[in-house]
Peer 1: 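There's a structure below that I have some questions on.
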Amino acid sequence: MTGKSGPRRVTSADVAREAKVSRATVSYVLNDAAHQKIPEATRQRVREAAARLGYAPSAAARSLRRGRSDIVLGLLPDWPIEHVLGRLVQQLTDALAQHELTFLVHSAAHPARPLREVWRALTPAAVLALDAFPEAEADAVRAAGIEVVMAVHGSARSGHRSPLVPEEPIGAAQARYLGRAHRRLGYAYPDLARLGVLARPRLDGVRKVCAELGLPEPDVRTVPVDPDSAVEAVKAWLAADPPVTGVCAFNDDVAMAVLAALRWLGLRAPRDLAVIGVDDIRAAALARPPLTTIVRDTEAIARGLARRIVDTLDGARVSADPIEDPLLVLVRVSA
């Protein structure tokens, strides 16, 4: 449909005329309204008319009908957006779409638009922050009528005493795997301070398992994702007393820097130093040697987060337990 100023938006009135029904019937059919006895033939005619005309209900109309927006605002910290984080964002988008919610992402990387301007412009139904959400900001969001504010790795006074998605079990799984054959473990810590919210609990998991197994405290070294810099960490681990023979790395990128340093020194994993990573990024299977790693079920995490958001929006009882994140040790050659 066109006018003097260009294409005109197709309305429910257009669909009603095309299907020869009332606008109310169009609304009932396309919104799957309960308790409306509409013949299946009429429903089919309305759907076909809507498809023919290219009709899509407006976001404003949906919000008015529901009494709230259908947008969930996802806040990404200033973290590297790599394979695993990108996969989680896509899976969250899909999981929320199944509940007719739209996931929009805002990154805090400089020079991003101030967060307050973003949520005020969007007025989302919910805010999901991957990192800690400032309490003052959470109060301002709720004062604006946005009731659902959740933080995956920190507090937003959501009633969750522990992180929605804990990181400690990842380090514990690494240490438990290596601790079967190694009497001294090292931990390869990332050199990006902003990743501390993930790295610290993972290291805590390694420490707890070392204590359980009667092993010394893990030897912690900061390892940049750079083979030349990683060489110094590898030398220090091998020169320790007793020497480190197995390394739990913060993630696969850091683990592959350790593997590169070993090659530069003419050494080999796992003979000289066993290495285990986290995330199973695409390059992990191509590393030299192929990297043993911890695999997370990001799809289960996405479904769990979506369920918490939807239940909270619906006023249903929401579990205070962490979201289950089944972990798998994918054994390759490096450990």
Side-chain angles (χ1 to χ4, degrees), residues 79-80 82-84 167-168 170-196 198-211 213-296 327 329-335:
W79 295 345
E82 297 175 338
H83 175 63
V84 176
E167 298 293 318
E168 189 176 292
I170 291 175
Q174 290 179 304
R176 203 162 279 118
Y177 180 78
L178 290 182
R180 299 177 308 170
H182 298 272
R183 305 314 302 162
R184 182 80 190 278
L185 301 183
Y187 189 82
Y189 202 91
D191 69 336
L192 296 177
R194 58 186 184 270
L195 292 175
L198 304 177
R200 286 189 297 272
R202 292 183 188 184
L203 175 55
D204 287 343
V206 174
R207 285 185 168 130
K208 285 184 179 180
V209 170
C210 284
L213 298 177
L215 303 180
E217 269 277 306
D219 187 333
V220 183
R221 306 279 170 180
T222 298
V223 179
V225 182
D226 173 275
D228 292 337
S229 303
V231 163
E232 296 309 313
V234 170
K235 286 180 177 178
W237 280 321
L238 297 177
D241 184 20
V244 169
T245 59
V247 169
C248 305
F250 165 72
N251 66 7
D252 287 351
D253 288 322
V254 175
M256 288 193 290
V258 175
L259 293 180
L262 285 169
R263 290 196 304 273
W264 192 90
L265 291 168
L267 304 174
R268 251 183 9 189
R271 183 192 66 192
D272 300 297
L273 190 66
V275 183
I276 184 170
V278 180
D279 288 335
D280 189 30
I281 64 174
R282 291 174 181 172
L286 304 176
R288 296 173 51 201
L291 181 65
T292 295
T293 187
I294 302 294
V295 182
R296 308 190 74 169
L327 300 175
V329 179
L330 181 54
V331 180
R332 293 196 178 102
V333 181
S334 70

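If you read the sequence from its start, that first residue is 1, and numbering goes on from there.
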Peer 1: Quick one: side chain to side chain contact (heavy atoms under 4.5 Å, CB included) partners of Arg263, sequence neighbours excluded?
Peer 2: Leu259, Ala260, Arg288
Peer 1: Tell me, do Pro190 and Asp253 make a side-chain contact under 4.5 Å, heavy atoms counted?
Peer 2: no
Peer 1: Which heavy-atom pair separates Leu273 from Val244 by the least distance, and what is that distance?
Peer 2: CD1-O, 3.4 Å
Peer 1: Could you go through Asp272 and Leu265, starting from their C-alpha distance and side-chain angles, then the distance that decides it, and tell me whether this counts as side chain to side chain contact (heavy atoms under 4.5 Å, CB included)?
Peer 2: CA-CA 11 Å; Asp272 300 297; Leu265 291 168; over 6 Å; no
Peer 1: Of the non-hydrogen atoms in Ala261 and Pro227, which two are nearest, and what is the gap between them?
Peer 2: CB-O, 3.9 Å
Peer 1: Please round to the nearest 0.5 Å and tell me the distance separating atom CD1 of Ile281 and atom CG of Leu291.
Peer 2: 8.0 Å
Peer 1: For the pair Leu215 and Arg183, evaluate side chain to side chain contact (heavy atoms under 4.5 Å, CB included) and give the outcome as yes or no after the intermediate values.
Peer 2: CA-CA 6 Å; Leu215 303 180; Arg183 305 314 302 162; 3.1 Å; yes
Peer 1: Just by distance, do the side chain of Trp264 and the backbone of Asp228 share a donor-acceptor pair under 3.5 Å?
Peer 2: no
Peer 1: Which pair of non-hydrogen atoms, one from Arg184 and one from Pro242, has the smallest distance, and what is that distance?
Peer 2: NH1-O, 2.8 Å
Peer 1: Does Val223 offer a backbone N or O that forms a donor-acceptor pair with the side chain of Asp191 under 3.5 Å?
Peer 2: no
Peer 1: Could you check if a side-chain atom of Val333 sits within less than 4.5 angstrom of a side-chain atom of Thr292, using non-hydrogen atoms only?
Peer 2: no
Peer 1: Is it the case that more than 12 heavy atoms not belonging to Arg332 sit under 6.0 Å from its CZ atom?
Peer 2: yes
Peer 1: Counting only N and O atoms by type, is there a donor-acceptor contact under 3.5 Å from the side chain of Asp279 to the main-chain atoms of Val84?
Peer 2: no
Peer 1: Could you check whether any side-chain N or O of Ser334 sits under 3.5 Å from a backbone N or O of Pro289, counting only pairs where one atom can act as donor and the other as acceptor?
Peer 2: no
Peer 1: Are Leu238 and Leu267 packed together at the side-chain level, in the sense that at least one heavy-atom pair is separated by less than 4.5 angstrom?
Peer 2: yes
Peer 1: Cys210 versus Val206: any side-chain heavy-atom pair under 4.5 Å?
Peer 2: yes
Peer 1: Rounded to the nearest 0.5 Å, what separation is found between the CG atom of Asp204 and the CD atom of Glu168?
Peer 2: 5.5 Å
Peer 1: If I compare all heavy atoms of Leu178 with all of Ala335, which pair ends up nearest, and what's the gap?
Peer 2: CD2-CB, 3.8 Å
Peer 1: So which heavy atom on Thr293 is nearest to which on Asp252, and how close?
Peer 2: OG1-OD1, 2.7 Å
Peer 1: Got a sec, which residues hit side chain to side chain contact (heavy atoms under 4.5 Å, CB included) with Val220, two or more places apart in sequence or on another chain?
Peer 2: Tyr187, Tyr189, Leu203, Arg207
Peer 1: Say whether, by atom type as modelled, one donor and one acceptor occur between the side chain of Arg221 and the main chain of Ala233 under 3.5 angstrom.
Peer 2: no
Peer 1: Side chain to side chain contact (heavy atoms under 4.5 Å, CB included) between Val254 and Val225: does it pass, once the steps are laid out?
Peer 2: CA-CA 5 Å; Val254 175; Val225 182; 4.3 Å; yes
Peer 1: Kindly compute the distance separating CZ (Arg176) from CG (Leu213), expressed to the nearest 0.5 Å.
Peer 2: 7.0 Å
Peer 1: So, the side chain of Arg202 versus the backbone of Phe250: is there a donor-acceptor pair under 3.5 Å, distance only?
Peer 2: yes
Peer 1: Is it the case that atom CZ in Arg282 sees more than 12 heavy atoms from other parts of the structure closer than 6.0 Å?
Peer 2: no
Peer 1: Given the rule in the side chain to side chain contact (heavy atoms under 4.5 Å, CB included) test, do Tyr177 and Val331 qualify, once you have shown the distances and angles that lead to the verdict?
Peer 2: CA-CA 10 Å; Tyr177 180 78; Val331 180; 3.4 Å; yes
Peer 1: Within the side chain of Gln174, is there an N or O that forms a donor-acceptor pair under 3.5 Å with the backbone of Ile276?
Peer 2: yes
Peer 1: Without swapping roles, check the side chain of Asn251 against the backbone of Val278 for a donor-acceptor pair under 3.5 Å.
Peer 2: no
Peer 1: On a heavy-atom basis, which atom in Ala257 and which in Pro224 lie closest, and how many Å separate them?
Peer 2: CB-O, 3.6 Å
Peer 1: I'd like to check Leu262 versus Arg268 (side-chain heavy atoms, cut-off strictly below 4.5 Å). Are they in contact?
Peer 2: no
Peer 1: Measuring from Arg271:CZ to Thr245:OG1, what's the distance to the nearest 0.5 Å?
Peer 2: 14.0 Å
